[in-house]
Each structure stands twice: as structure tokens, then as C-alpha cells.
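This report refers to the structure that appears directly beneath it.
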Amino acid sequence: MRCPARSPRVAALVSAGLSWAIEFAQLGEIPPVLRPLLGSTFNPPDLLWYAVGAGVAWVIHTVARARLAR
């Protein structure tokens, strides 16, 4: 089996960055059609949890790559 193409660090940073961008976009006006997908209320604690989730995914991704490399 092949290792994932992206490094764990890049994948975590991109996912956290996109999550933060969507959260900060909620400070402005989200079009009504996108609200079910993107949400409509800015919640600062979400920024922490996006970072935690990206960190957990980074660890899982790193472990998976190490196991597949064997």
C-alpha cells in the first residue's frame, strides 16, 4: 500500500487554515444558501477545537505513514 501523498504537517495546516477561514467568514454575511453547509455564527472556541482536531489528525496521519512505510 502507498503512503499518502501529502505530508502530515501540510495536511494538518491546510485543514486547520480552511476551518479557521470558514469560521472567520462567519463574522461577515454568509449567503443563506451556504449557511447549512458553512454555519452562520462565529464562535471563538471553535478555533481552538479546529486546531486540536488538526493536531489529532496530524498524529494519526504520521502514525499511518510510519506503519505503511514498513
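Any value given below was found using the heavy atoms of this structure, including those in side chains, with hydrogens, waters and symmetry copies removed. The first residue in the sequence is number 1, and the count goes up from there.
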Query - Residues that R9 engages under side-chain hydrogen bond (donor to acceptor under 3.5 Å, both in side chains), provided they are two or more places apart - result: none

Query raised in the report: Quick one: do I22 and L27 end up in the same hydrophobic cluster if we chain Ile, Leu, Val, Met, Phe, Trp and Tyr together by side-chain heavy atoms under 4.5 Å apart?
Result: no

Report task. Write down the atom of S7, the atom of R65, and the distance for their closest heavy-atom approach. Result -> CA-NH1, 3.4 Å

Query raised in the report: Say you draw a straight line from CH2 of W58 to OG of S15; how long is it, rounded to the nearest 0.5 Å?
Result: 10.5 Å

Side chains of residues 45-52: which donor-acceptor partners sit under 3.5 Å, not counting sequence neighbours?
from: Y50; atom 1: OH; to: E23; atom 2: OE1; distance (Å): 3.1

Query raised in the report: Can you name the side chain to side chain contact (heavy atoms under 4.5 Å, CB included) partners of A16, sequence neighbours left out?
Result: A54

Please tabulate, one pair per line, all N/O donor-acceptor pairs under 3.5 Å involving side-chain atoms of residues 32-43, not counting sequence neighbours.
from: R35; atom 1: NE; to: I30; atom 2: O; distance (Å): 3.0
from: R35; atom 1: NH2; to: E29; atom 2: OE2; distance (Å): 2.1
from: R35; atom 1: NH2; to: I30; atom 2: O; distance (Å): 3.1

